[in-house]
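Here is the structure we will look at, set down as structure tokens.
By convention in this document, chain letters (A, B, ...) are assigned in the order of the sequence lines, proteins followed by strands, and residues within each chain are numbered from 1.
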Amino acid sequence: MGEEVTFHGMWASPFSRRVELALKLKAIPYQYIEEDLSNKTPSLLRYNPVHKKVPVLVHNDKPVAESMVIIEYMDETWENNPFLPRDPYERAMARFYAKFIDDKLLPTLAKLGQTAGKEKEETIEEIHEQLKVLEDELKGKQFFGGQRIGYLDIVAMILVWLHLAGSITGQKVLSTEKFPLIYEWIERVMKMEVVNECLIPEEKRQDWIQLAQRAPKSASN
Amino acid sequence: MKWRTIFSSKTMGDDEVKVFGMWASPYSRRVELALKLKGIPYEYIEEDLSNKSALLIKHNPVHQKIPVLVHNGKSIPESLVILEYIDETWRNNPILLSQDPYDRAMARFWAKFIDEKILSTTRKVSFTTGKEQEHAIEEVTEQLKLLENEVKGKAYFGGEGIGYVDIVANFLVFWFGNLQEALGINIFSQHKFPFIFEWIQNQLKIDMVDECRIPKDKHLTYIQTKLAAFKSASK
């Protein structure tokens with residue numbers, strides 16, 4: 001397809017990086033526009049007037065906003081390396097667990113930075129319960145998608161970010177003993193070049209932790 | 001597009017479809033509406049949310065919420081996930097999501113907007129008072145204006161016939177009006193939202209939409225009971 005693909009993103013946003021990962025997995029050439037969220041470009045505001053957020057994918061001048069909507073759009077437009085399985089029930093399960101990550105796990109992780117003492121302990125308990133759901137989903141599988149990386153793996157990259165954050169802050173919410181399958185999955189995906197290309201570069205990781213601790217609500221979606 | 005041929009048409013006869021739902025839930029009603037529109041027979045199980053059945057918990061262990069669709073023993077929770085599953089499994093008319101990937105993306109975008117913004121802010125309107133409620137009312141009014149814009153000049157959100165976004169927006173046909181009456185507020189009027197009101201009139205012409213009506217008096221009592229319980233719990 002002779003296509004023009006532009007992508008508005010932000011280096012510290014997991015939502016933005018997941019779309020980048022999807023673009024790279026499908027080997028779609030794109031022009032990247034790094035957004036300064038305190039000074040958004042007029043194009044971003046024009047392409048996403050409703051939310052004014054990243055990520056936004058613009059394909060032949062047609063904008064698509066919301067990371068999961070973008071990822072499904074990509075899967076339906078570029079047929080190589082499919083993200084979602086063919087079977088409707090398996091597709092439903094992938095969407096269900098992706099929603100679970102975005103609607104439950106991510107907000108609880110965001111809460112973590114803002115709590116202390118007993119409340120923090122309770123939040124960690126909550127995160128552990130949510131991680132258990134994902135641990136169970138990996139049983140008998142190499143990837144969330146089965147034999148190959150897929151839709152849910154892309155969304156689950158937040159687990160890699162959680163692991164990296166833990167290594168930096170010393171606060172390991174994601175323990176190897178409690179979540180051995182998640183750990184194996186993390187090791188497996190981190191061997192992939194495309195995955196590493198979409199992680200926060202090492203030299204920016206300290207900045208990223210400080211940024212995350214200051215601003216619990218991500219300005220991106 | 002290859003993906004169009006992935007989904008096979010089901011024969012209605014050999015399917016067992018169950019819905020675990022709740023009569024006053026807009027999320028539950030939208031699933032019933034989709035099944036009725038597609039002519040899919042189903043067994044409905046009414047859940048008492050203060051005393052959830054063991055079966056519901058078995059079919060939705062993660063969230064323990066309604067609605068849940070159970071198709072030949074396989075459970076699917078989350079209304080938007082269920083709607084897409086229905087459309088992908090039963091390929092008869094009405095086709096709920098367009099064949100075009102961009103139109104599908106737009107439909108999913110607005111469905112998400114309805115759930116994550118409008119319905120979420122509506123919950124704030126219901127459960128707050130004073131300045132906080134005023135602010136939530138302003139917020140939801142702005143959000144409804146965006147939806148008003150989306151349906152301007154169209155009979156349906158999808159364009160030619162009832163579709164995914166119309167089903168997700170079904171909360172506007174009965175549920176939202178009942179809620180604002182119970183709360184004694186006036187966010188939503190024909191004067192403020194003429195296009196949404198026109199859309200509602202079109203929706204009401206469809207038998208299956210009327211079949212999914214939330215009975216008003218019963219609903220008002222239900223809301224008032226819930227609000228009273230919330231107020232006394234938060235004292």
Less than 4.5 Å to any heavy atom of chain A: does that hold for the side chain of B:P61, its backbone, both, or neither?
neither
Please work out whether the ring planes of A:Y89 and B:Y85 are parallel, tilted or perpendicular, with thresholds of 30° and 60°.
perpendicular
If you look at every heavy atom in [X] and [Y], which pair is closest and at what distance?
| X | Y | result |
| --- | --- | --- |
| A:V69 | B:A105 | CG1-O, 3.2 Å |
| A:A92 | B:I76 | CB-CG2, 4.0 Å |
| A:V64 | B:M106 | CA-CE, 4.5 Å |
| A:P88 | B:T89 | CB-OG1, 3.6 Å |

For A:M74, is it the side chain, the backbone, both, or neither that has a heavy atom closer than 4.5 Å to a heavy atom of chain B?
neither
So what's closer than 4.5 Å to chain B heavy atoms on A:P49: side chain, backbone, both or neither?
neither
May I ask you to say whether A:R91 pairs ionically with B:E88, meaning some side-chain N is under 4.0 Å from a carboxylate O?
yes
Ion pair present between A:E76 and B:R108, side-chain N to carboxylate O less than 4.0 angstrom?
yes
Atom [atom1] of [X]: over 12 foreign heavy atoms under 6.0 Å:
| X | atom1 | answer |
| --- | --- | --- |
| B:K226 | NZ | no |
| B:K192 | NZ | yes |
| A:E122 | CD | yes |
| A:K141 | NZ | yes |
| A:K178 | NZ | no |
| B:E46 | CD | yes |

Which one wins on heavy-atom pair count under 4.5 Å against chain A: B:K74, B:Q143, B:H63?
B:K74
A:Y30: what forms a ring-ring contact (aromatic ring centres under 6.0 Å, His included) with it, not counting sequence neighbours?
none
Spell out, as yes or no, whether a donor-acceptor pair under 3.5 Å connects the side chain of B:Y102 to the backbone of A:P63.
yes
Measure the CH2-CD distance between B:W110 and A:E66 for me, rounded to the nearest 0.5 Å.
10.5 Å
Out of curiosity, B:I82 CD1 to A:F96 CZ, how far, rounded to the nearest 0.5 Å?
10.0 Å
Can you name the one residue among B:E84, B:E116, B:E78 that meets salt bridge (Lys or Arg N to Asp or Glu O under 4.0 Å) with A:K99?
B:E78
